[in-house]
Amino acid sequence: MTLIDARNLPRHVGIVMDGNGRWAELRGRPRTAGHRAGSHAVRRIVRVARRLGIEQLTLYAFSEQNWGRPDDEVDALMLLLQEFLVSERDEILDNGIHLRAVGNTRKLPVYVREALDELSARSAANHRMVLSLALSYGGREEIAEAARALATQVRDGTLRPEDITEASFRPLIPSVSLGDPDLLIRTGGELRISNFLLWGAAYAELHFTRCLWPDFTADDLYEAVASYQGRQRRFGLVPFVRPFSRLAEPAEPTAI
Ligand code: IPE
Ligand code: IPE
Ligand code: MG
């Protein structure tokens, strides 16, 4: 049983959903079987995150670099993505979830883009949870695009180079437009970020687990959230000391 404090949830959770290929290899099956099992885990975790009250979930579904994988694997991933967008449409709409994509979606096949655009438009007014799918996404690419937009403003005479600050980038980085990630989870055992949410992850709490993505369950998410809640975030400052009156308030952990 994992105890979670409902008052101290990470508002924005990002997940590097890694380990599908190894999950399949362990079972002597093709990598695409791992991706299919991974898509079931996506359905499960979206539901759990929404019930838990997480405001934003950003899932790394396909990186810019993943285009370099064998064609049949890329094709299978695109089909699974389209299937997900169609089969989860009602669940997403009925549960007040706003689905959007971050990344270079222009590179996606038309049949995926159509499903994505349709669900993004239909769910745009929902506000129970924002589900961002990082598709054809790269953190460096996202920063480079923001730099390009700023350079264009300088060229057009609407911005002076000396006025460019960290804050100038923020509105041009779609993955943080609704807030920085608080908790970044990576499954599959690798201890790296692999070009995910580079700008936003500056002060994210990191949680790595050896669990392969298709095996990731509600309990694994609760464990990551509990680990987050045990950390002290300082943002480069000195430890925060609660005022005396606040100490009187007992914490109310919720049993899951
Ligand atoms: C993550 O699983 C899914 C995608 C990158 C699309 P992998 O396919 O990277 O699985 P492993 O890391 O090879 O096990
Ligand atoms: C990161 O996993 C990308 C996604 C989960 C979509 P990768 O498997 O592509 O990353 P590396 O190759 O281990 O760094
Ligand atoms: Mg991998």
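Values below: every heavy atom of this structure, side chains too, minus hydrogens, waters and symmetry copies. First listed ligand is number 1; within each ligand, the first listed atom is number 1.
- Taking 4.0 Å as the cut-off, G19 counts as a neighbour of ligand 1 on heavy-atom distance.
- No part of N195 comes within 4.0 Å of ligand 2, judged by heavy-atom distances.
- Proximity of E64 to ligand 2 is not established, as no heavy-atom distance is less than 4.0 Å.
- Here's the thing with R186: one of its N/O atoms is less than 3.5 angstrom from an N/O atom of ligand 2.
- Side-chain contact annotation: R231 with S227, donor-acceptor N/O pair under 3.5 Å present.
- If you check the side chains of N126 and S123, you find no donor sitting under 3.5 Å from an acceptor.
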*In sequence, state the C-alpha distance, the side-chain angles, and the governing distance for K107 and E64, and then conclude on salt bridge (charged side-chain N to carboxylate O under 4.0 Å, His left out).*
CA-CA 9 Å; K107 286 177 83 170; E64 185 63 37; 2.5 Å; yes

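- Residue-ligand proximity: E25 is placed with every non-hydrogen atom at 4.0 Å or more from ligand 1.
- Every atom of ligand 1 is numbered from 1 in the order shown, and the set under 4.0 Å from a heavy atom of A61 is 6 (C).
- One side chain, E141 or Q65, offers a donor N or O that lies under 3.5 Å from an acceptor on the other.
- The heavy atom nearest to atom 9 (O) of ligand 1, considering only R22, R69, H35, is found in R69.
- Contact check on D180 versus R11 returns no salt bridge, with no Lys/Arg side-chain nitrogen under 4.0 Å from an Asp/Glu carboxylate oxygen.
- Distances from ligand 1 to the non-hydrogen atoms of E190 include no value under 4.0 Å.
- The part of F62 lying near ligand 2 is the backbone, judged by heavy-atom distances below 4.0 Å.
- Of all the heavy atoms of A134, none lies under 4.0 Å from any atom of ligand 2, so neither backbone nor side chain is involved.
- Both tests hold for R27 against W23: distance to the six-membered ring centre under 6.0 Å, angle to the ring axis within 45°.
- At a threshold of 2.8 Å, the Mg ion (ligand 3) has a backbone or side-chain N, O or S atom of D18 nearer than that distance.
- A donor-acceptor pair shorter than 3.5 Å can be found between the side chains of S175 and E142.
- The shortest N/O to N/O separation between S63 and ligand 2 does not fall below 3.5 Å.
- Between S63 and R69, the side chains place no donor N or O within less than 3.5 Å of an acceptor N or O (distance only, hydrogens not considered).
- Of the heavy atoms in M17, only backbone atoms (N, CA, C, O) come closer than 4.0 Å to ligand 2.
- Side-chain atoms of R186 and S194 form a donor-acceptor pair, as typed in the model, at a separation below 3.5 Å.
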